[in-house]
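Read the structure below first, then the notes.
By convention in this document, chain letters (A, B, ...) are assigned in the order of the sequence lines, proteins followed by strands, and residues within each chain are numbered from 1. Here the structure is a predicted model, which is why all the values come from computation and not from measurement.
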Amino acid sequence: MLDIKFIRENPELVKQAVANKNEKADIDQILEIDRQRRNIIADVEKLKALRNSASEQIAVKKRNKQDAEADIAQMKEVGEKIAQFDAELRTIEDELERLLKWVPNVPHPSVPVGKDEKSNITVKEWGRVPQYSFNLMTHWELGEKLNIMDLPAAAKVAGSGFYVLRGIGAKLQRALVNFMLDTHSKDGFTELHVPYLANAETMTGTGQLPKLAEDMYKIQDENLYLIPTAEVPVSNLHRDDILSEDRLPLCYVAHTPCFRREAGAAGKDTRGMIRVHQFDKVELVKIVHPDKSYDEHETLLQQAEKIIQALKIPYRVRLLATGDLSFAGAKCYDIEIWAAGLGKYLEVSSVSNFESFQARRMNTRFRDKDKKMQFVHTLNGSGVALPRLIIAVLENNQTEYGAIIVPEALRPYMGGLTEIIKSE
RNA sequence: GGAGAGGUGGCCGAGUGGCCGAAGGCAGCUGCCUGCUAAGCAGUUGACCCUUAACGGGGUCCCUGGGUUCGAAUCCCAGCCUCUCCGCCA
């Protein structure tokens, strides 16, 4: 959420941001409602001041056993008027609040302007896409052949868009999770285990509600949602907190499943486990001092890259254009890894700086050196998402005979296993 | 799920329907004092909103939302959360 004062003072900047992000919040309407709101406040507060001073007089008279009936009768009228104004004010503030929730964050000046992903910029390429002298298989072909993946069984259990890993396949995922958690822990991230269900306030805090309601699974009758990413529970750990400056930055890492309805993506990436309704992810979250957030953003990107480099997977980093940037994001890098069997890049991490957008919604603040309250900046990045990482590990490391070479970094996590061959 | 108790400022904790933004303590800050000490003395210290060029002025906030009242931290109702006991349970 943006500060109404910021919108009041920078209406053109905000309108431009709305346009560049392909959103349609009506800034002029918001400013008009804000004007009405302030007028009502001025009126009602005059009456309240009157009531307060009159009440004092009544109290004095009562104490002195004087008659106060006339004042009381008069104040009864004033009280009714105040109630009317308050009701009106409340309606208008609810409306303003509702509209403000639909205003996206303003992109950082370094973000390229463009209406969709075609304007994204590749800012880094790492590793060389290898050449293979044999016909490559996709991960679902490899998975079936090696008996480490069972997509039909997943469909039987839950429908399309789910996956089952078995045997070494399941162990591979666990190895990746442990490898990532260990790596990030060593870099100073505090490991967390958090709830996979979150309430509406939490979902609003990080910006999933109201805009992305249809992308989430909701628990009927409970007012709870399945989390679409660990960012949600982890960031909200500090909702309504006042942190002391010397605690910043707070760095967290959490492994959770993520649940997504993928409502707008029907028919896209339907094969294999490229796009699924439930997947595991290791997520990094940082809560930082506003002055440091862009430095921390670069560092966070490196921390996510580190995982992929250790696994020797070729990747590229994309700086997202305004039109591809998320609603709450001010700046975002995507990491896309090469999947040899599919012959394309897959997004495995989004590393975003939200500046104070989420902090304002969550009311997460700190007291600075001058004792002033300030909103923190929040950042998060996948470190990284699993199914697509598994896809790349399988497809990139396949051999002519259909086995998979286990990346060296993972071998300690897989009992020294060097090669995945067909198992029972 | 049943029966109780409770939710007050950064923390602990008091609170009579009006003089309560809220005693007292701790922590913090500022002076003073002390040749050392987590010592002593005095003062000071909340958030948010409206208004003002500024000084300032005004309003709201004692879990949340309603209600009673001229007036609510204080009374009533509902909800949420925490704790204790019982039941159930991995």
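- Judged by distance alone, the side chain of A/K62 and the main-chain N or O of A/A68 form no donor-acceptor pair under 3.5 Å.
- Looking at heavy-atom distances under 4.0 Å, A/R8 makes contact with sugar-phosphate atoms alone, never a base.
- When the nucleotides B/G18, B/A47, B/C50 are ranked by their closest atom to the side chain of A/E45, B/C50 comes out on top.
- A side-chain donor from one of A/Y315 and A/Q309 sits under 3.5 Å from a side-chain acceptor of the other.
- A donor-acceptor contact closer than 3.5 angstrom is absent between the side chains of A/Y217 and A/Q278.
- Nearest-nucleotide positions on RNA chain B place A/I4 closer to the 5' end than the other of A/K46 and A/I4.
- For the C1' atom pair drawn from B/A73 and B/U8, the interatomic distance equals 7 Å after rounding to whole Å.
- Partner assigned to B/A72 is none, using Watson-Crick or G-U wobble distances below 3.5 angstrom.
- With C1' as the reference atom, B/C63 and B/G58 are 27 Å apart, rounded to whole Å.
- Comparing the C1' positions of B/C86 and B/G67 gives an interatomic distance of 35 Å, to the nearest angstrom.
- The A/K62 side chain lies nearest to B/G18 when the options are B/U51, B/G18, B/U60.
- Rounded to whole angstrom, the span from the CG atom of A/D246 across to the P atom of B/G10 amounts to 17 Å.
- Panel note: side chain A/T364, backbone A/R360; no donor-acceptor pair is recorded below 3.5 Å.
- Closest to the side chain of A/R63, out of B/G59, B/C19, B/C70, is B/C19.
- Pairing for B/U82 goes to B/A5, judged as Watson-Crick or G-U wobble with the two contacts each under 3.5 Å.
- Mapped onto RNA chain B by nearest heavy atom, A/E56 and A/A49 fall at different nucleotides, with A/E56 at the one closer to the 5' end.
- Rounding to whole angstrom units, CD1 of residue A/I72 and C1' of B/G18 are separated by 11 Å.
- Within residues 235-244 of chain A, no residue approaches RNA chain B, by heavy-atom distance under 4.0 Å.
- Rounded to whole Å, the separation between the P atoms of B/C83 and B/G13 comes to 16 Å.
- Base pairing of B/U60 is made with B/A47, judged by Watson-Crick or G-U wobble geometry with both donor-acceptor distances under 3.5 Å.
- Considering only the side chain of A/S55, B/C70 comes nearest among B/C50, B/U60, B/C70.
- Atom CD in A/E201 sits roughly 18 Å away from atom P in B/C63 (whole-Å rounding).
- The separation between A/D71 atom CG and B/G18 atom P is 18 Å, rounded to whole Å.
- Here the side chain of A/N64 pairs no donor or acceptor atom with the backbone of A/Q66 at under 3.5 angstrom.
- Of the candidate nucleotides B/A47, B/U60, B/C49, B/U60 has the atom lying nearest to any side-chain atom of A/R51.
- Aromatic rings from A/H277 and A/F259 are positioned such that their centres are separated by 6.0 Å or more.
- In this structure, A/N52 places its CG atom 13 Å from C1' of B/G21, rounding to the nearest Å.
- Protein atom NZ of A/K48 is 15 Å distant from nucleotide atom P of B/G21, rounded to whole Å.
- Distance noted for atom P between B/C62 and B/C19: 15 Å (whole Å).
- The aromatic rings of A/H289 and A/F366 are tilted relative to each other, their planes meeting at an angle between 30° and 60°.
- Spacing between B/C70 and B/C80 at atom C1', rounded to whole Å, works out to 32 Å.
- Using a 4.0 Å cut-off on heavy atoms, the residues of residues 73-100 of chain A that approach RNA chain B are A/M75, A/K76, A/R90, listed by number.
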Under the criterion ring pair (Phe, Tyr, Trp, His ring centres under 6.0 Å), I'd like the reasoning laid out for A/H108 against A/Y294: C-alpha separation, chi angles, the key distance, then a yes or no.
CA-CA 10 Å; A/H108 189 262; A/Y294 280 94; 4.1 Å; yes
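- A/I40 places its CD1 atom 17 Å from the P atom of B/U60, with the value rounded to the nearest Å.
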Evaluate side-chain contact (heavy atoms from CB on, under 4.5 Å) for A/E95 paired with A/I33, printing each intermediate quantity in order.
CA-CA 8 Å; A/E95 177 69 358; A/I33 289 180; 3.6 Å; yes
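- Nucleotides B/U30 and B/G24 have their P atoms positioned 22 Å apart, rounded to a whole Å.
- Across every strand in view, B/A42 sits in a pair with B/U30 that passes the Watson-Crick or G-U test at under 3.5 angstrom.
- For the pair A/R360 CZ and B/C49 P, the computed distance is 10 Å after rounding to whole Å.
- In this model, the phosphate group of B/U51 is approached by a side-chain N or O of A/R38 to a distance below 4.0 Å at OP1 or OP2.
- In this structure, the side chain of A/N236 engages the main chain of A/T202 through a donor-acceptor pair within 3.5 Å.
- Using a 4.0 Å heavy-atom cutoff across all strands shown, A/K372 reaches no nucleic acid atom at all.
- Residue A/I41 is in sugar-phosphate contact alone, with no base atom involved, counting any heavy-atom pair closer than 4.0 Å across all strands shown.
- Using a 3.5 Å distance cut-off with no hydrogens or angles, the side chains of A/K286 and A/T378 do not pair a donor with an acceptor.
- Nucleotides B/U82 and B/U64 place their C1' atoms 15 Å apart, quoted to the nearest Å.
- With no hydrogens or angles considered, no side-chain donor-acceptor pair links A/Y225 and A/N199 at under 3.5 Å.
- Shown here, B/C89 forms no base pair; nothing in the strands shown gives a Watson-Crick or G-U wobble contact with both key distances under 3.5 Å.
- Across all strands shown, B/C11 forms a Watson-Crick or G-U wobble pair with B/G25, both key distances being under 3.5 Å.
- The A/R367 side chain lies nearest to B/G46 when the options are B/G46, B/C50, B/G18.
- Residue A/F357 forms a side chain to side chain contact (heavy atoms under 4.5 Å, CB included) with just one option from A/D3, A/N105, A/V103, and that option is A/N105.
- B/G35 is unpaired under the criterion used here, namely a Watson-Crick or G-U wobble arrangement in which both key atom distances are under 3.5 Å.
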